[in-house]
K.L.:
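Quick one: the structure is below, and I'll ask about it shortly.
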Number of protein chains: 2
Amino acid sequence: MGLPLRKSKVAPPPGCPLSEVLTLLRGAWAPNVIWQLSGEPRRFGELRHDIPRISARVLSARLRELESRGLVTRRVLDTSPPSAEYSLTPLGRELLPAIDALAGVGRKLIAEWETYGRLVRAR
Amino acid sequence: MGLPLRKSKVAPPPGCPLSEVLTLLRGAWAPNVIWQLSGEPRRFGELRHDIPRISARVLSARLRELESRGLVTRRVLDTSPPSAEYSLTPLGRELLPAIDALAGVGRKLIAEWETYGRLVRAR
DNA sequence: GAATGCGGTAACCCGGCGGTTACCGCATTT
DNA sequence: AAATGCGGTAACCGCCGGGTTACCGCATTC
């Protein structure tokens with residue numbers, strides 16, 4: 001016989017908060033950009049240089065996304081040719097511990113995959 | 001004059017760990033699936049029911065992904081028609097604190113967006 | 001015997017994301 | 001005068017991720 005459905009006890013949506021913040025990290029290169037900004041402010045060209053395979057198009061997109069969500073500030077420098085400097089806002093910095101936590105799990109995942117031969121094929 | 005390039009001081013890649021774990025969370029509905037599994041084990045139909053708009057195709061894909069990475073176990077129950085039960089592995093459970101941290105930031109983000117009228121348009 | 005519910009899988013299709021290329025104005029360099 | 005570097009943007013384009021639909025075998029229910 002089939003089993004009766006058990007109703008979920010956890011809150012209906014994970015709350016959008018998780019999804020919201022994941023949309024920010026989901027775009028290509030987003031984590032790398034944030035990571036690069038975790039230290040000193042960096043200019044567009046520096047970011048391009050430090051994330052070698054990123055395209056200007058996407059870098060620009062990511063930065064403007066993050067800026068519009070209040071995680072990153074853009075400051076135009078009075079140089080010529082004009083250059084721009086990006087840095088994390090305090091709000092943006094709050095992501096760092098969470099990112100560290102994720103990275104920690106990532107390390108464990110990788111270690112585990114290596115010890116017990118990798119069954120991983122998918123993806 | 002243009003500024004001289006400053007070289008990045010942070011490790012070249014964020015280490016793949018972050019990227020690795022984000023690939024797991026990046027697929028549609030992945031966070032919701034994990035969240036639902038954070039309590040008791042759940043069956044396929046229950047998951048479909050509790051994540052109303054997910055399609056069977058994607059639910060199946062996410063579960064097999066997570067299983068192949070060692071985050072989820074699948075147990076076939078001896079009932080008829082046969083049913084399957086999914087639960088988080090210990091490794092999978094390690095994600096939960098990190099996810100909580102992200103959700104925490106998510107809540108702050110949302111709060112902030114609401115207090116200071118939302119400039120958010122993108123995405 | 002037909003319909004229903006279980007746990008999926010296969011095929012099709014469409015939109016959007018991201019890579020590539022070309023181009024912008026401006027100031028310095030050659 | 002031409003080329004270079006800065007910080008981008010616009011247009012084009014291909015791919016694949018996810019939604020939709022159809023279908024599977026099996027056992028119980030009507």
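No hydrogens, no waters, no symmetry mates; every other heavy atom, side chains included, goes into these values. Quantities reported herein were computed from a predicted structural model and do not represent experimental measurements. Proteins get letters first, then strands, A, B, ... in listed order; numbering begins at 1 in each.
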K.L.:
Measuring from the side chain of A:Ser83 (C-beta onward, heavy atoms only), which nucleotide among D:dG18, D:dG7, D:dG19 has the closest atom?
P.N.:
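That would be D:dG7.
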K.L.:
Would you give the length of the straight line joining atom CZ of B:Arg107 to atom CD of B:Glu112, rounded to the nearest 0.5 angstrom?
P.N.:
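Atom-to-atom, B:Arg107:CZ and B:Glu112:CD are 15.0 Å apart.
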K.L.:
Quick one: which of C:dG18, D:dG19, C:dG8 gets closest to the side chain of B:Val58?
P.N.:
D:dG19
K.L.:
Of the candidate nucleotides D:dG7, C:dG18, C:dC12, which contains the atom at the shortest distance from the side chain of B:Arg57?
P.N.:
C:dC12
K.L.:
Among D:dG7, C:dG18, D:dT20, find the nucleotide with the atom closest to the side chain of A:Ala28.
P.N.:
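From the listed options, C:dG18 comes nearest.
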K.L.:
Nearest-Å distance, CD (B:Glu85) to P (C:dG7)?
P.N.:
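For the pair B:Glu85 CD and C:dG7 P, the rounded distance is 10 Å.
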K.L.:
Please report, rounded to the nearest Å, how far the P atom of D:dG17 is from the CG atom of B:Leu24.
P.N.:
14 Å
K.L.:
Find the distance A:Leu63:CG to D:dG7:C1' and express it as a whole number of Å.
P.N.:
11 Å
K.L.:
Round to the nearest Å and state the distance from A:Leu47 atom CG to D:dG5 atom P.
P.N.:
19 Å
K.L.:
Check whether any side-chain N or O of B:Thr89 sits under 3.5 Å from a backbone N or O of B:Leu71 as a donor-acceptor pair, and report yes or no.
P.N.:
yes
K.L.:
Please confirm whether the shortest side-chain N or O distance from B:Arg64 to OP1 or OP2 of C:dT9 is below 4.0 Å.
P.N.:
yes
K.L.:
Look at the side-chain N and O atoms of B:Trp29 and state whether any lies under 4.0 Å from the OP1 or OP2 oxygen of D:dG17.
P.N.:
no
K.L.:
Provide, to the nearest angstrom, the distance between the CG atom belonging to B:Asp78 and the C1' atom belonging to C:dG7.
P.N.:
15 Å
K.L.:
Which listed nucleotide (C:dG18, D:dG7, D:dG18) is nearest to the side chain of A:Ala84?
P.N.:
D:dG7
K.L.:
With heavy atoms under 4.0 Å as the rule, sort A:Arg48 into base, sugar-phosphate or nothing.
P.N.:
nothing
K.L.:
How do A:Pro82 and A:Ala56 order along DNA chain C: which one's closest nucleotide is nearer the 5' end?
P.N.:
A:Ala56
K.L.:
Taking salt bridge (charged side-chain N to carboxylate O under 4.0 Å, His left out) as the definition, give me every residue that meets it alongside B:Arg75, ordered by chain and number, with sequence neighbours left out.
P.N.:
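B:Arg75 satisfies salt bridge (charged side-chain N to carboxylate O under 4.0 Å, His left out) with B:Glu85 once adjacent residues are dropped.
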K.L.:
Quickly work out the B:Arg74 CZ to C:dT9 C1' distance and round it to whole Å.
P.N.:
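About 12 Å, once rounded to whole Å.
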K.L.:
Only distances under 3.5 Å count here; give the side-chain donor-acceptor pairs of residues 52-60 of chain B to other protein atoms, sequence neighbours excluded, each with its distance to 0.1 Å.
P.N.:
residue: B:Ser55; atom: OG; partner: B:Val58; partner atom: N; Å: 3.3
residue: B:Ser60; atom: OG; partner: B:Arg64; partner atom: NE; Å: 3.4
residue: B:Ser60; atom: OG; partner: B:Arg64; partner atom: NH2; Å: 2.6

K.L.:
Under a 3.5 Å cutoff, is there a donor and acceptor pairing between the side chains of B:Tyr86 and B:Arg74?
P.N.:
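Result is yes, a qualifying pair exists.
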K.L.:
Could you state the CZ-C1' distance from A:Arg26 to C:dG18, rounded to the nearest angstrom?
P.N.:
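Atom-to-atom, A:Arg26 to C:dG18, this comes out as 14 Å.
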K.L.:
Can you check the A:Arg53 CZ to C:dG19 C1' distance for me, whole Å?
P.N.:
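Taking CZ of A:Arg53 and C1' of C:dG19, I get 10 Å after rounding.
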K.L.:
Tell me whether the OP1 or OP2 atom of D:dG18 has a side-chain N or O from B:Arg62 closer than 4.0 Å.
P.N.:
yes
K.L.:
For D:dT20, does OP1 or OP2 lie under 4.0 Å from any side-chain N or O of B:Ser55?
P.N.:
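Looking at the OP1 and OP2 atoms of D:dT20, neither is under 4.0 Å from any side-chain N or O of B:Ser55.
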